[in-house]
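To keep things clear, I will list the structure first and then write my remarks on it.
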Amino acid sequence: MAAAVRTRIAPSPTGDPHVGTAYVALFNYALARQHGGRFVLRIEDTDRERSSSEAETMIFDALRWLGLEWDEGPDVGGPHGPYRQSERTEIYREHAERLVAAGAAYPCFCTRERLEELRAEQKASKGRFGYDRRCRAVDPAEAARRRAAGEEHVIRLAMPTDGEIVVADLLRGEVRFAAEQIDDQVLIKSDGYPTYHLANVVDDHLMEISHVIRAEEWISSLPKHLRLYQAFGWRPPVFCHLPLLRNPDTSKISKRKNPVSLNYYRRAGFLPEAVLNYLALMGWAMPDERDQFTLDEFVAALDLAKISLGGPVFDLARLAWLNGRYIRDLSPEGLVERLRAELLGDRHLLAVARLAHERVETLADFVPYAGYFFSGDLAPDEAALGGMVMRGRTAQETARALREVLSEALDPILDWTAATVETALRDFCARHDIKPKELFMPIRIATTGRTATPPLFDTMAVLGKEICRRRLGLAADALGAVKA
RNA sequence: GACCCCAUCGUCUAGUCAGGUCUAGGACACCAGCCUUUCACGCUGGCGACGCGGGUUCAAAUCCCGCUGGGGUCACCA
């Protein structure tokens, strides 16, 4: 009897919930459902610097919005918990020690400074990149003494130094790597936390994951992972690396060039079933090439082996078309229901009403006054573009400034409120020696299309991060395209 | 740069594994027409691709090699 199919999605809660996470989750979910198996959600929060609970909550919300329910996870429990890696550090430490005892891993006392120098040298001499394995030569007894004395160190995996490592990928078959070119990966950081590579392998084994379906960017670390399975004496799961979603210019999908936050799609009025359906079309097609189908139909028809490997360009226009079909399939009553669920829900309506109620005279003024709170992308016209150009600067310079506002001030905000936005924006002005006045009008016009609006930060708070980011990005693009 | 992956219309793809039925099919976008008081939907039609060069074969989009191109990875981030 075949072993149970167990799949997982293992996102890192370090930012906004990513469309790539949904893409990978979809295929994992579908495979598990197809085989009556289990779909696990595991939070990989081993980067103490960047992980946050806000980001984790957003991942839960986004996945649930899409309807990709998990059977085991941090919030629903399960027999293989805990499902948050930060709560499993003892397990990783124990496993790392096992490897050290077996000689498959070793403590490394090299300082960050030395590693940086090493990298610089290697770069200059165009030599091989990676750690030079110096600490591998340290006598184990001496290493143990130094560790006991509290000397700062990491634990590294001892990779074979010659021969070939052959890994198997469900879609690509055997892939070969020369062992010597694989780095001695850090397994345990000096803060005692594991790196992805260790935690991931240990957990996939302990959680009895049968199929690891993840993005292609991981394929080059597969030799390390395989080595870990061997060193532990475990049977590796089936690996299946999905192609990477792409920007229109075919680079790996990024927020600079494409909306990547699932929050954007939700807020911009995309239906979850349409988003899922569209994602299923990335690298895969129904046997009859039908382009509209339900999640259940996908679950029934999915054949992993039929995934095509060319990186699919994420095309908003095609998603919008699909979304339109789903909307047309709704009854008018159904449409109203959907509208009330999100865009015209009491929550959003009330937030807008708070800003609009002293600025309208009749109820009928409300819709035209507050229209931009209920729409998605804004296409700035010439007048708007003119109004956006900052005093004493060119359109291009303004575009650059707006992009910096995005990446430096706005993107990092996970707790999006009028207060956090205001602080971020004022800090930005101070840092760049810009008068707030000069920056705020362009932002106002970019985010609302108007020169007169309720207070900017309140307005941006109600608009939400994703709508603001997209409108600012679009405005920057339009300004950048203005002939100097 | 090194290593790895990939390669069909602008985009998503079917066809490639088991070579002939492929003068390469469908969808998005675009263009035109029809429907229609308008717009949209819908319908019909059009534009549009096997990256290049060698092989193997009676026959290659399909198999092999090289080139070119694109992408990813080379962190005490995942």
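In what follows, chains carry the letters A, B, and so on, assigned in the order in which the sequence lines appear, proteins first and then strands, with residues in each chain numbered from 1.
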Near RNA chain B, under 4.0 Å by heavy atom, which residues of residues 289-310 of chain A? A/Glu289, A/Asp291, A/Lys306, A/Ser308, A/Leu309, A/Gly310

Protein and nucleotides 31-35 of chain B: nitrogen or oxygen contacts under 3.5 angstrom:
none

RNA chain B contacts made by residues 325-333 of chain A, counting heavy atoms under 4.0 Å: A/Arg328

Excluding sequence neighbours, so at least two apart, what forms side-chain hydrogen bond (donor to acceptor under 3.5 Å, both in side chains) with A/Ser53? none

Show me the donor-acceptor pairs within less than 3.5 Å that the side chains of residues 373-383 of chain A make with the rest of the protein, sequence neighbours left out.
unit_1	atom_1	unit_2	atom_2	d
A/Ser375	OG	A/Arg471	NH2	3.3
A/Asp377	OD1	A/Tyr264	OH	2.6
A/Asp377	OD2	A/Tyr264	OH	3.2
A/Asp377	OD2	A/Arg470	NH1	2.6
A/Asp381	OD1	A/Ala383	N	3.2
A/Asp381	OD1	A/Ala384	N	2.7

Which residue pairs satisfy the ring pair (Phe, Tyr, Trp, His ring centres under 6.0 Å) criterion with at least one member in residues 285-306 of chain A, sequence neighbours excluded? A/Phe27-A/Phe298, A/Trp284-A/Phe298

Treat primed atoms plus P, OP1 and OP2 as sugar-phosphate and everything else as base, then score nucleotides 46-51 of chain B 5' to 3': B for base contact with protein heavy atoms under 4.0 Å, S for sugar-phosphate contact only, - for none. ------

side-chain hydrogen bond (donor to acceptor under 3.5 Å, both in side chains) against A/Tyr92, all qualifying residues, sequence neighbours excluded: A/Arg88, A/Asp203

For a quick test of your reading: what N or O donor-acceptor pairs under 3.5 Å do the side chains of residues 164-173 of chain A make, sequence neighbours left out?
unit_1	atom_1	unit_2	atom_2	d
A/Glu164	OE1	A/Arg176	NH1	3.0
A/Asp169	OD1	A/His241	N	2.9
A/Asp169	OD1	A/His241	ND1	2.8
A/Asp169	OD2	A/Leu171	N	2.9
A/Asp169	OD2	A/Arg172	N	2.8
A/Asp169	OD2	A/Arg172	NE	3.1
A/Arg172	NH1	A/Glu216	OE2	3.3
A/Arg172	NH2	A/His241	O	2.2

Excluding sequence neighbours, so at least two apart, what forms side-chain contact (heavy atoms from CB on, under 4.5 Å) with A/Thr21? A/Ile9, A/Pro11, A/His18

Where along residues 88-111 of chain A does a heavy atom fall under 4.0 Å from RNA chain B? A/Cys110

What one-letter contact string describes nucleotides 68-75 of chain B from 5' to 3', where B marks a base within less than 4.0 Å of any protein heavy atom, S marks contact via sugar-phosphate atoms alone, and - marks no contact? --SSSSSS

